[in-house]
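Written out below as structure tokens is the structure these notes cover.
In what follows, chains carry the letters A, B, and so on, assigned in the order in which the sequence lines appear, proteins first and then strands, with residues in each chain numbered from 1.
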Amino acid sequence: MTAFLAVIGRDLRLATRVGGDALTLVLFFVMVGVIVPFAIGPDSATLSRLAPGIVWIAAFLSMLLGLDRLFRADDEDGSLTLFRHAALPLEAIVAAKVIAHWLLTALPLIVASPILAVLLAMDFAAWEKTVLSLLLGTPGLVALGTIGAAVTVSLRRGGLIAPVLILPLSIPILIFGTGAIAAGNPDGISNAALLFLSAISLVTLVLAPFAAALALRLSED
Amino acid sequence: MTPLPPRTLKLDALAGKRGEKLLFSGVSLTLAAGQVAELRGPNGAGKTTLLMIVAGVVRPAAGKVSIEGGDPEGRTETDIGYFAHRPAIKARLTVAENLRFWAALNGNPPESILPALETVGLAPIADLDAGNLSAGQTRRLALARLIVSDRPIWLMDEPTAALDAQGEALVAKLIDAHLDRGGLVLAATHHELGLAHPSQTLVLGQPLVAA
Amino acid sequence: MTADVTLKKPNWFSRIANPGQFLAWSKGFVAPLAILTATLFAVGLYLAFFASPPDYQMGETVRIMYIHVPNAWLSQFVYGVMAVASIGTLVWRHPLADVAAKSAAPLGAVFTGLALFSGSLWGRPTWGTFWEWDGRMTSTLILFLIYLGIIALWRAFEDQGRAGRVIAVFTLVGALDIPVVKFSVDWWNTLHQPASVLSMSGEHVAPAILIPLLVMTLAFTLLFITLHIVRMRTEIFRRRAESLERQAAANLMA
């Protein structure tokens, strides 16, 4: 457990010290929300109808763009190689990094979501559902993204490929995430969407560390 | 000095590739507890590749690496302390924080950190950001990690690189102490390490085996 | 930690499986397969366009189905081939497995693209537009994007051996995810739109339609197999040529 927490702690410290870009992603998230009205017009009715989708797209983009930082630094300085000899198995190290990444990318987004809700004319009930769907769906998104980051870790300019790979695979999360919030959906549909979302997140969280660890091992071979 | 768990390292007709190119083949070696082998050869002969194969990071093109003496069900990766080219030190963490992380990750108590830093001479600057360290000091920190991790088998890639004469003496001292405790060392090196213990020599880039 | 990669006695599997042997025995297959494919296409196209009845709802345009359905089937079949090849790479480190996977990916992309294109043409008279976010078409589009991502991955790696192993992991993750994608897209579709319009009228598919459909499907599948073998041979030759180039450079230095 100490080892597991140590991995999370290190990633958190590194991201929040000078040179870390924890805040930049949140800024990006908010900015996507800000530019939307310029693109589709400021009409409140339209904005509030589209708001769940926009928030999710903003979350998607912010998180996918932040994937590179998961393994690249550790790969470049040789930490990944040493991880393989750690007392904690590589799969557990990856799982710890998934948690750290979620804390660094998804949690700030959720905390910043009221800003977006206000900008996009979301009512309180819709915002509550949005937070719930983000809480349930972003873990799965991070887990899936981790696989993309692991697969592309040995590519020098792999920065944009990981999001491109993961985006099609994460469409179910987007569908159920927005399905849970969309105004037109009755509660039955909403709840079903939340259930599917949770199921996907759970399964992905369990399986992703194994797939990602395997990809990391094969990348050094 | 507490003895280390006894291990035997066996390399059996090992062949190594970098990409498509076969670098070496037919390499065999047996290292028992308390023994050290020096890996020699020109640049590009495959010393790093051999170490990475023994470390279990790269698959050999042929042959077998076995580590005997441990729990047959257990992971042999945790028997290895790999002192590699790249230091795996984070500039934005302090010296102590870097070491504390690796101690925790490798299952060692935090009390071992300060003694290790003292041994390598970094204790006075334990709370400085590791980004302030020179190349030699970074290597010393990596040595401290090796001490703290307390693994029986040390695989060292050019251990004296970037170190001054004092640093080289430190490396020799640490290796000798490690061997006294029953550890094994396989070190790729250009220099004479100046060890108290006699060592086997393995030369790559020539068609043979341990002398 | 042992890695025993010593030479094993060759059994029948490794005899056909090693790239050199593969080149030898596959050479004789290409021409006959090509002829068979061409024949099946001739028969299938004749049946599809001349010998089968028009659909009572869609009229003559239903004939595009004879192109669309086989390609839609192939888009999934080829992914299946890639998934099996990926297992071959990861579990047995089979030398031909990553050649098979790499060769299949662009073919899969093309067949999926054709499925999208033919589906679009098929839907046009009914929808009035070239695209509707119909459940099946959307899933096919996502599959198309996955293929393109995999092709991009192959091109991004310098070390193709490493590429094969890593892409195998990704392909298998995709294989697990694709059913989830289909399910979620269907769910999404029922929320936002009425049922798919790209279905044939009537519950039972009459033999007059089924037979040309099967023939065309078989023709396209054989087309894939033929092209796949050709691509695999080309890839093996390419790797050998590169190997020779590298050796030439190394010999110059020595």
Side-chain angles (χ1 to χ4, degrees), chain A residues 84-85 140 143-144 146-180 182 184-186 188-190 192-193 195-197 199-200 203-204 207-208 210-221, chain C residues 1 3 5 79 86-87 89-91 93 98 109 112 133 135 138-192:
Chain A
R84 295 172 65 164
H85 303 125
L144 210 46
T146 306
I147 300 181
V151 164
T152 53
V153 72
S154 62
L155 299 175
R156 284 308 126 214
R157 272 160 298 161
L160 210 50
I161 287 201
V164 162
L165 289 176
I166 294 304
L167 207 108
L169 298 184
S170 30
I171 284 175
I173 296 179
L174 187 59
I175 287 177
F176 292 123
T178 48
N185 293 342
I189 304 269
S190 236
L195 273 174
F196 288 131
L197 192 61
I200 292 177
V203 171
T204 317
L207 295 181
F210 293 97
L214 182 58
L216 287 175
R217 289 203 178 94
L218 293 173
S219 289
E220 278 190 295
D221 206 332
Chain C
M1 166 188 69
V5 198
Y79 200 93
S86 298
I87 296 178
T89 301
L90 291 178
V91 176
R93 296 244 165 175
D98 58 313
T112 312
W133 289 93
T138 308
S139 294
T140 310
L141 178 62
I142 297 175
L143 185 57
F144 187 57
L145 294 176
I146 295 178
Y147 273 115
L148 293 182
I150 291 179
I151 293 172
L153 254 188
W154 276 109
R155 294 170 60 96
F157 279 90
E158 269 188 39
D159 182 340
Q160 291 287 279
R162 176 182 294 175
R165 293 185 287 271
V166 164
I167 292 174
V169 175
F170 181 75
T171 306
L172 289 175
V173 169
L176 288 179
D177 198 61
I178 287 171
V180 181
V181 169
K182 278 177 171 307
F183 174 73
S184 67
V185 167
D186 283 341
W187 184 90
W188 168 78
N189 204 237
T190 56
L191 271 192
H192 295 267

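- For the atom pair C/Phe170 CZ and A/Leu165 CG, the distance stands at 4.0 Å (nearest 0.5 Å).
- Note that the CG atom of A/Leu218 and the CD1 atom of C/Ile167 stand 11.5 Å from one another [nearest 0.5 Å].
- A/Ile189 touches chain C through backbone and side chain together, each having a heavy atom under 4.5 Å away.
- For A/Ile161 against C/Ala156, the heavy-atom pair with the smallest separation is CD1-CB, 3.6 Å.
- Heavy atoms closer than 4.5 Å to chain C are found in both the backbone and the side chain of A/Leu169.
- Screening C/Thr138, C/Val180, C/Ile142 for a side-chain contact (heavy atoms from CB on, under 4.5 Å) with A/Ile171, the sole residue that qualifies is C/Ile142.
- Using the six-membered ring where Trp is involved, C/Phe183 and A/Phe176 have ring planes that are tilted, between 30° and 60° apart.
- Of the inter-residue distances, the one linking A/Arg156 atom CZ with C/Glu158 atom CD reads 10.0 Å to the nearest 0.5 angstrom.
- Heavy atoms closer than 4.5 Å to chain A are found in the side chain of C/Leu90, but not in its backbone.
- Heavy-atom pairs under 4.5 Å with chain A peak, among C/Val185, C/Leu172, C/Val181, C/Asp159, at C/Val181.
- Contacts of A/Ala208 with chain C are absent, with no heavy-atom separation under 4.5 Å from either backbone or side chain.
- Nearest approach of A/Leu155 to C/Leu153, heavy atoms of both residues: CD1-CD2, 4.1 Å.
- Considering only heavy atoms from C-beta on, C/Phe157 comes within 4.5 Å of A/Ser154 through its side chain.
- When all heavy atoms of A/Pro168 and C/Leu145 are compared, the closest pair comes out as CG-CB, 4.0 Å.
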